[in-house]
Amino acid sequence: MSSKAFASQADLEDKQVSFTQLSEHAWAYTAEGDPNTGIVIGDDAVMVIDTQATPVMAADVIRRIREVTDKPIKYVTLSHYHAVRVLGASAYQPQHIIASQDTYDLIVERGEADKASEIGRFPRLFRNVESVPPGLTWPTITFKGKMTLWMGKLEVKLLQLGRGHTKGDTVVWLPGERTLFSGDLVEFDATPYAGDAYFQDWPQTLDNIAALKPLALVPGRGAALKGEAQVAQGLAGTRAFVSELFASVKAGAQAGQDLKSVYRATYERLKPKYGQWVIFDHCMPFDVTRAYDEATQYADPRVWTAQRDIDMWKALES
């Protein structure tokens, strides 16, 4: 395994954006495996789910929204706390930013460290990073478990269906249209980032999503999924990746192998099946490190800092 450029610093090509209507009130802003944004256009207002990484990048989402509606963007919902998902929030000038209380707690605990870490990992995704205002994106409304919002006559449910990608994961569910915005709990043809994950909980959380029987699903990365078959494919692919990775890491850890040995073995095991997925090489060192932690001594994810990122990368990729 040859030494690789740190994280996604070699990833510099712009992606083709798609803006797709999935149901009467739901739209998906997707970009070939870059982070997605969801849009709900209610009777009286608009909700944006995950904001893009910077206000300049969010401006493109706003431009697309304005092509289909002039209703005010009243709500921003955070599916979880990662900087690449939340630092564009100021561009929308929403009345409210909504997140789970668990997500709020993660922002308190690790928001600043995560911000510095992610800006270092993803230069292209933090285009015009100087447009991000100082500080962090703070929710104005938090909830525990579930919350229902009425956008006119449109029922919008915010649900915590379990831990997976982070402890604060929130999905947005339109029950009348059976349309779901999953955040990074589900990816499609894109590698799940699991540096802050709960591997043992994640498959059950995906089963809880499946139990809602969505007809359309906007994943965190990858194309929007339409129809029961595509939704099932997205859920199954994500479940298989996190389950196979954790099983490989756990077996190596139980055999007394060190992290680097476990990383090499797990990378070689998963590459034939998943190596073509977007950001595979980027995610694997972070994913295996977290899985090794969970399989050994850290029930909860440790905080990633810019320095920890680089130290980990050198240790595993040198």
Give the intermediate values and the outcome of salt bridge (charged side-chain N to carboxylate O under 4.0 Å, His left out) for residues Arg308 and Asp293.
CA-CA 14 Å; Arg308 184 181 171 217; Asp293 275 3; 3.7 Å; yes
task: Decide side-chain contact (heavy atoms from CB on, under 4.5 Å) for Leu159 and Leu212; before the verdict, give the C-alpha distance in whole Å, the side-chain angles of both, and the deciding distance to 0.1 Å.
output: CA-CA 11 Å; Leu159 305 170; Leu212 294 171; 4.2 Å; yes
* Asked: Does the pair Leu245 and Tyr274 meet the rule for a side-chain contact (heavy atoms from CB on, under 4.5 Å), with working shown?
  -> CA-CA 11 Å; Leu245 187 145; Tyr274 304 108; over 6 Å; no
Q.
One pair to check against ring pair (Phe, Tyr, Trp, His ring centres under 6.0 Å): Trp277 and Phe280. What are the steps and the verdict?
A. CA-CA 6 Å; Trp277 281 5; Phe280 179 81; 8.4 Å; no
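A side-chain donor from one of Asp281 and Tyr267 sits under 3.5 Å from a side-chain acceptor of the other. Thr166 and Asp169 are linked by a side-chain donor-acceptor pair at a separation below 3.5 angstrom, with hydrogens and angles left out of the test. Of the N and O atoms on the side chains of Thr54 and Asn128, not one donor lies less than 3.5 Å from an acceptor on the other residue. For the residue pair His82/Asp184, the side-chain donor-acceptor check at 3.5 Å is not satisfied.
One distance of note links OG1 of Thr289 with CD of Glu294; it measures 13.0 Å at 0.5 Å rounding. Interatomic distance, Thr37 OG1 to Tyr29 OH, rounded to the nearest 0.5 Å: 7.0 Å. Interatomic distance, CD1 of Ile41 versus OG of Ser23, reported as 10.0 Å (0.5 Å rounding). Distance check: Arg85 CZ to Asn36 CG gives 6.5 Å after rounding to the nearest 0.5 Å. Within the model, atoms CE of Met312 and CZ of Arg302 stand 10.5 Å from one another, a figure rounded to the nearest 0.5 Å. Atom OG1 of Thr103 is separated from atom OH of Tyr81 by 9.0 Å, given to the nearest 0.5 angstrom.
Follow the hydrophobic side-chain contacts under 4.5 Å out from Ile97 and you reach Ile62 in the same cluster. Following chains of ILVMFWY side-chain contacts shorter than 4.5 Å, one cannot reach Tyr298 starting from Tyr193, and the two form parts of different hydrophobic clusters. Criterion: ILVMFWY side-chain heavy atoms under 4.5 Å apart, direct or through other members. Under it, Trp173 and Leu215 are not part of a common hydrophobic cluster. At a threshold of 4.5 Å between side-chain heavy atoms, the hydrophobic network of Ile, Leu, Val, Met, Phe, Trp and Tyr places Val46 and Met57 in two separate groups.
Not one N or O on the side chain of Gln160 forms a donor-acceptor pair closer than 3.5 Å with the backbone of Ser100. Looking only at distances, no side-chain donor or acceptor of Asp201 sits under 3.5 Å from a matching main-chain atom of Gly162. A donor-acceptor distance shorter than 3.5 angstrom exists from the side chain of Thr191 to the backbone of Val278, with no hydrogens or angles considered.
Taking the six-membered ring where the residue is Trp, Phe122 and His282 present tilted rings, their angle falling between 30° and 60°. Using cut-offs of 30° and 60° for the angle between ring planes, the Trp202 and Phe199 rings count as tilted.
Salt bridge annotation for Arg163-Asp102: absent, with no cationic side-chain nitrogen under 4.0 angstrom from a carboxylate oxygen.
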Could you tabulate the donor-acceptor pairs under 3.5 Å formed by side-chain atoms of residues 219-228, not counting sequence neighbours?
| from | atom 1 | to | atom 2 | distance (Å) |
| --- | --- | --- | --- | --- |
| Arg221 | NH1 | Gly33 | O | 2.7 |
| Glu228 | OE2 | Arg178 | NH2 | 3.3 |

Side-chain donor-acceptor contacts of residues 232-241 below 3.5 Å, not counting sequence neighbours, with atom names and distances?
| from | atom 1 | to | atom 2 | distance (Å) |
| --- | --- | --- | --- | --- |
| Thr238 | OG1 | Glu187 | N | 3.1 |
| Thr238 | OG1 | Glu187 | O | 3.0 |
| Thr238 | OG1 | Gly234 | O | 3.0 |
| Arg239 | NE | Asp207 | OD1 | 3.2 |
| Arg239 | NH2 | Asp207 | OD1 | 2.7 |

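Residue pairs meeting the side-chain hydrogen bond (donor to acceptor under 3.5 Å, both in side chains) criterion with at least one member in residues 144-154, sequence neighbours excluded, are Thr148-Lys157. Listed by first and then second residue, the salt bridge (Lys or Arg N to Asp or Glu O under 4.0 Å) pairs involving residues 54-79 are Asp60-Arg63, Asp60-Arg64, Arg63-Glu67 (not counting sequence neighbours).
Residues passing the side chain to side chain contact (heavy atoms under 4.5 Å, CB included) test with Ala113, sequence neighbours excluded: Val303, Thr305.
Atom NZ of Lys314 has 12 or fewer neighbouring heavy atoms from other residues, nucleotides or ligands inside a 6.0 Å radius. Counting non-hydrogen atoms of neighbouring residues, nucleotides and ligands closer than 6.0 angstrom, the CD atom of Gln93 reaches no more than 12 such neighbours.
Between Tyr92 and Val61, the shortest heavy-atom contact is OH-CB, 3.6 Å. A pairwise comparison of heavy atoms in Ala253 and Val262 identifies N-CG2, 4.0 Å as the closest pair. Among all heavy-atom pairs drawn from Pro203 and Ser243, the shortest one is CG-OG, 3.6 Å.
Think of Met147 as one node in a network of Ile, Leu, Val, Met, Phe, Trp and Tyr side chains linked at under 4.5 Å; its network also takes in Leu22, Val40, Met47, Ile49, Tyr75, Ile98, Ile141, Phe143, Leu149, Met151, Leu154, Val156, Leu158, Val172, Leu174, Phe181, Val218.
For Arg290 and Tyr198, the positive end sits near the middle of the six-membered ring, less than 6.0 Å away and at most 45° from its axis.
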